[in-house]
Each structure stands twice: as structure tokens, then as C-alpha cells.
Amino acid sequence: MGIVNTVREILEASTQSSDRGGGTNTPKGSYWCHDCTERVPAADAGSEPPTCPSCGEEMDFERSVGTTGCAC
């Protein structure tokens with residue numbers, strides 16, 4: 001039964017929460033400059049939309065709603 005217990009432990013570990021302490025207040029998504037293809041994670045941006053480091057224009061916020069086409 002050793003191998004069964006080992007497999008069970010592996011499966012239980014893989015289904016545990018992937019939240020590593022970010023909490024629910026951490027914004028999920030990123031700010032993008034579509035012209036310059038610059039990206040700033042929302043968690044790094046602060047409370048106001050950042051300006052693009054390349055062109056200086058205000059960046060757009062995009063949030064991922066699924067696992068494909070992720071904006072972050």
C-alpha cells in the first residue's frame with residue numbers, strides 16, 4: 001500500500017490552493033500600452049493607472065477572465 005499512499009499524497013498536494021499569501025485585495029490583471037507592447041502588473045502600479053515608460057501615454061487595465069488569453 002506504500003505506492004497508493006504516495007500517489008494519494010501527490011494528488012492531495014497538487015489540489016491545494018495556489019494562493020501564496022497575496023490575499024483577495026491584490027489586483028489581478030495588468031496595465032498595457034498596446035502601441036509599445038509594454039506591460040505593468042496591476043499589483044506594481046499603485047492606485048492610479050501608470051503611464052507607459054516608452055511613450056508616456058496612460059496605460060489600459062486588462063483583467064483575465066480565464067486561463068487562456070491572459071492579460072497578466
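Applying the side chain to side chain contact (heavy atoms under 4.5 Å, CB included) criterion to Thr51, with sequence neighbours excluded, gives no partner residue. Applying the side chain to side chain contact (heavy atoms under 4.5 Å, CB included) test to Pro50 and every residue at least two apart in sequence or in another chain returns Tyr31, Val40, Ala45, Met59.
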**Request:** Please report the C-alpha distance between Cys33 and Ser54 in whole Å, then the side-chain angles of each, then the deciding distance to 0.1 Å, and finally whether the side chain to side chain contact (heavy atoms under 4.5 Å, CB included) criterion is met.
**Result:** CA-CA 9 Å; Cys33 178; Ser54 295; over 6 Å; no
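Between Glu62 and His34, the side chains place a donor N or O and an acceptor N or O closer than 3.5 Å (distance only, hydrogens not considered).
For the atom pair Asp60 CG and Cys52 SG, the distance stands at 10.5 Å (nearest 0.5 Å).
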